[in-house]
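Not measured: the values here are computed from a predicted model.
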Amino acid sequence: MKTIELPHKTKTSRLGFGGTILKGGSGRSENLRMLNSAYEAGFRHYDVAPSYGLGVAESILGEFIAPIRSHVTITTKVGLPRPKNPGLLAQLRGMVRPLISFAPSLRRKLGRSVQRMSGSAATRFDLDFVKSSVDESFRELKTDYIDLLLLHEITPEQVSDELYSYVQSLVNSGRIHAFGVGSYRHEAERVVHQCPNLARIVQTSWSVGDKPLLLEPHTPFRITHGSIRKFQDIQNWLVSNKKLRDTLSKNIGYDLSNPDTLGDLMMAAALSENRSGIVLVSSTKINRLRRHAEISTNESLITAGSKFNSLFSEYTNENSIGGQTNLK
């Protein structure tokens with residue numbers, strides 16, 4: 001897999017593994033095997049947060065990276081509190097999973113119950129909380145340095161001189177190597193423009209049809225996620241607009257009636273859109289991780305992905321996929 005250079009000059013993989021899918025409990029061994037498969041496929045960057053996996057994602061990643069710490073880079077975050085009783089919640093989810101398979105209608109109801117029990121709260125950036133959260137992340141990750149620390153879903157109104165001084169002190173001491181923000185697109189743009197010194201790194205979502213982030217004249221290092229999040233909507237649009245789908249396929253040189261091809265092009269588009277940054281991938285399917293790694297080195301496919309995004313964006317609106325188009 002190709003490599004890129006982080007702001008602090010450390011090299012890492014073009015693709016990063018998104019740790020939102022690390023769940024723990026009875027699935028901990030499976031999670032560790034999945035992380036190892038990603039590593040074997042060429043992934044060298046791993047992204048977690050205290051709130052991920054009902055609070056256990058950092059612990060799982062910490063166990064995995066212990067013997068290979070110098071060969072990988074990691075991002076964690078601060079701002080969203082870690083759920084209470086993370087181990088118990090992971091076990092509970094493991095217990096209810098068989099019930100969900102027999103009664104799919106229970107999925108949403110059980111999910112809401114587990115979420116309420118997690119005690120998730122609004123973001124916090126008061127200094128005492130931030131210090132405590134960062135210290136806990138170091139313990140969970142079992143590391144003495146963190147490559148990237150992101151302020152999770154922060155808004156400009158939550159930024160303070162004390163917060164900036166603290167995260168900068170972490171860099172000065174070598175505990176973290178760089179910091180930035182991880183937020184929704186609109187809030188990320190606001191932080192970049194109002195607090196540029198805090199947002200030299202920006203992590204946010206991007207998928208085919210999304211408008212470019214409005215960051216100029218600033219040029220933060222970018223990490224994007226959610227590359228495939230619109231897959232079902234776009235596939236449905238292509239199915240219902242067969243003539244337009246065939247025209248797009250002809251113009252791009254790839255058959256968009258094939259779901260696997262569509263997924264490949266969406267990932268390729270994300271790689272093209274963020275050529276100098278990291279694109280995060282979250283998948284429990286080993287073959288898919290390997291396929292994404294292959295795409296990251298396929299310049300022909302990446303070029304086709306860029307063309308697909310340009311044509312799709314030209315004739316559709318990201319908020320009304322399947323609406324009227326002018327594609328001839």
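The heavy-atom pair separating Pro220 from Ile201 by the smallest distance is CB-N, 4.2 Å. Contact between Leu271 and Ser296 at its shortest, heavy atoms only, is CD1-CA, 3.6 Å. In terms of heavy atoms, Ala38 sits closest to Phe17 at CB-CD1, 3.8 Å.
Taking a cutoff of 4.0 Å between a charged side-chain nitrogen and a carboxylate oxygen, Lys142 and Glu58 do not qualify as a salt bridge. Salt bridge annotation for Lys2-Glu299: present, with a cationic side-chain nitrogen under 4.0 angstrom from a carboxylate oxygen. Salt bridge present: Asp47 and Lys77 bring a charged side-chain N and a carboxylate O closer than 4.0 Å. Under the 4.0 Å criterion applied to side-chain N and carboxylate O atoms, Asp246 and Lys242 are assigned as salt-bridge partners. Using a 4.0 Å cut-off between charged nitrogen and carboxylate oxygen, Arg288 and Asp260 do not count as a salt-bridge pair.
Within the model, atoms NE2 of His177 and CG of Leu170 stand 11.5 Å from one another, a figure rounded to the nearest 0.5 Å.
Within the 4.5 Å cutoff, the side chain of Phe43 has no heavy atoms near those of the Val72 side chain.
One hydrophobic cluster holds both Val167 and Val192 under the rule that ILVMFWY side chains link at heavy-atom gaps under 4.5 Å.
Remark: Arg44 qualifies as a cation-pi partner of Tyr39 under the 6.0 Å distance and 45° angle criteria applied to the six-membered ring.
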